[in-house]
Amino acid sequence: MPRILSRPFYARATLTVARELLGCVLARRVDGRDTLRARIVEVEAYVGEEDKACHARAGRTPRTDVMYGPPGIAYIYLTYGMHYMLNAVTEPDGCPAAVLIRAAEPLEGIERMRRARGTDDDRLLAAGPARLTQALRLDLRQNRADLRGPLLWIEEGEPVADRDVAQSPRVGCQTAPPPWDRIPWRFYVAESRFVTPGTRGLAAPTTGPAARKTRGGNRAAHRR
DNA sequence: GGATCGATCGGCT
DNA sequence: GCCGATCGATCCG
């Protein structure tokens, strides 16, 4: 039996939780019988009111209230009037922070995910935060759900080695004031083909002439 | 492969 | 009123 991540796992520093969530298995029970499972390959950390890209920058409001509560709870919100995003609340009770689950590799219940997404391209079933919630049939009704089940949970997985993890600035945060627009708090499995398409070029924020070559090289280097 | 654009609405200024 | 922690279609090269 796979072990379900416990509350203390989420109660730690958000960057640590984000990094360690890579390789873990996101699971979802639908229609009271079917189980959907997918391996997490891309996440982002959002940490506190100081983090000007984090929703908690506006303080405690009806929407962000859940981030101020106990860890190990789902924070799901609607964005662009049509897309849902899944986060795992982190840090001890009272600290507003969360990890956005951005992409995953489908493992089980793939046929149901195809139906939910309306596509047969398995690579795109959960490659992006909104695609992921659509594949797993998540919406506002699962906001504040306990991540230890029974509707939604995350299992321990095969750990991802440091050499296989890449970092980059967070996607879609370009309008946040510095340094929050560039801080490399996105973590992903470098060689996975299930990360959000078109976000690989964002690679580590190294600067200078040498970094330029690396950037183009990263894309061709990892293929599968 | 890359750039641009419209969809669509709750939450916050 | 404004604007997103986005996606997919479409156009171009």
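Because the structure is a prediction, the values reported are computed rather than measured. Each chain gets a letter, A, B and so on, in the order the sequences are listed, and its residues count up from 1.
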With a 4.0 Å cut-off, would you call A:Asp121 and A:Arg114 a salt bridge?
no
Using only atom types and a distance under 3.5 Å, with no angle test, would you say the side chain of [X] pairs donor to acceptor with the backbone of [Y]?
| X | Y | answer |
| --- | --- | --- |
| A:Arg57 | A:Cys54 | yes |
| A:Asn143 | A:Ile76 | yes |
| A:Arg170 | A:Ala45 | yes |
| A:Arg131 | A:Ala127 | yes |
| A:Arg200 | A:Ala190 | yes |

How far does the C1' atom of B:dG10 sit from the matching atom of C:dG8, given to the nearest Å?
22 Å
If the condition is ring pair (Phe, Tyr, Trp, His ring centres under 6.0 Å), which residues does A:Tyr77 pass it with, not counting sequence neighbours?
A:His55, A:Tyr75
Least distance between heavy atoms, A:Val89 atom then A:Pro70 atom:
CG1-O, 3.5 Å
Quick one: [X] [atom1] to [N] [atom2], roughly how many Å, whole number?
| X | N | atom1 | atom2 | answer |
| --- | --- | --- | --- | --- |
| A:Ile76 | B:dG10 | CD1 | C1' | 16 Å |
| A:His55 | B:dG10 | NE2 | C1' | 11 Å |
| A:Asp139 | B:dT8 | CG | P | 18 Å |
| A:Leu78 | B:dA7 | CG | C1' | 12 Å |

Would you indicate whether A:Arg60, at its atom CZ, is surrounded by more than 12 heavy atoms from other residues, nucleotides or ligands within a distance under 6.0 Å?
yes
Kindly determine whether A:Arg193 and A:Asp122 satisfy salt bridge (charged side-chain N to carboxylate O under 4.0 Å, His left out), including the steps that lead there.
CA-CA 10 Å; A:Arg193 42 192 270 263; A:Asp122 290 359; over 6 Å; no
Worked check of side-chain contact (heavy atoms from CB on, under 4.5 Å) between A:Leu151 and A:Arg29
CA-CA 5 Å; A:Leu151 267 42; A:Arg29 175 63 56 91; 5.7 Å; no
Given side chains that start at C-beta, do those of A:Glu91 and A:Met67 come closer than 4.5 Å, heavy atoms only?
no
Taking DNA chain B as the partner, which of residues 81-99 of chain A come within under 4.0 angstrom of it by heavy atom?
A:Gly81, A:Met82
Is there any side chain to side chain donor-acceptor pair (under 3.5 Å) pair reaching into residues 1-13 of chain A, and which pairs are they, with sequence neighbours excluded?
A:Arg3-A:Glu156, A:Arg12-A:Glu20
Which string of ( ) [ ] | and . matches DNA chain B, if you list each base 5' to 3' and count Watson-Crick or G-U pairs only when both distances are under 3.5 Å?
|||||||.||||.
Classify A:Ala130 by what it touches in the nucleic acid, base, sugar-phosphate, or nothing, heavy-atom distance under 4.0 Å.
sugar-phosphate
Select base, sugar-phosphate, or nothing to describe what A:Arg63 touches, counting heavy atoms under 4.0 Å on all strands.
sugar-phosphate
Covered region of DNA chain C, 5' end to 3' end, by chain A [heavy atoms, under 4.0 Å]
C:dG4 to C:dG8
Can you list, by residue number, the residues of residues 116-129 of chain A that have a non-hydrogen atom closer than 4.0 angstrom to DNA chain C?
A:Arg117, A:Gly128, A:Pro129
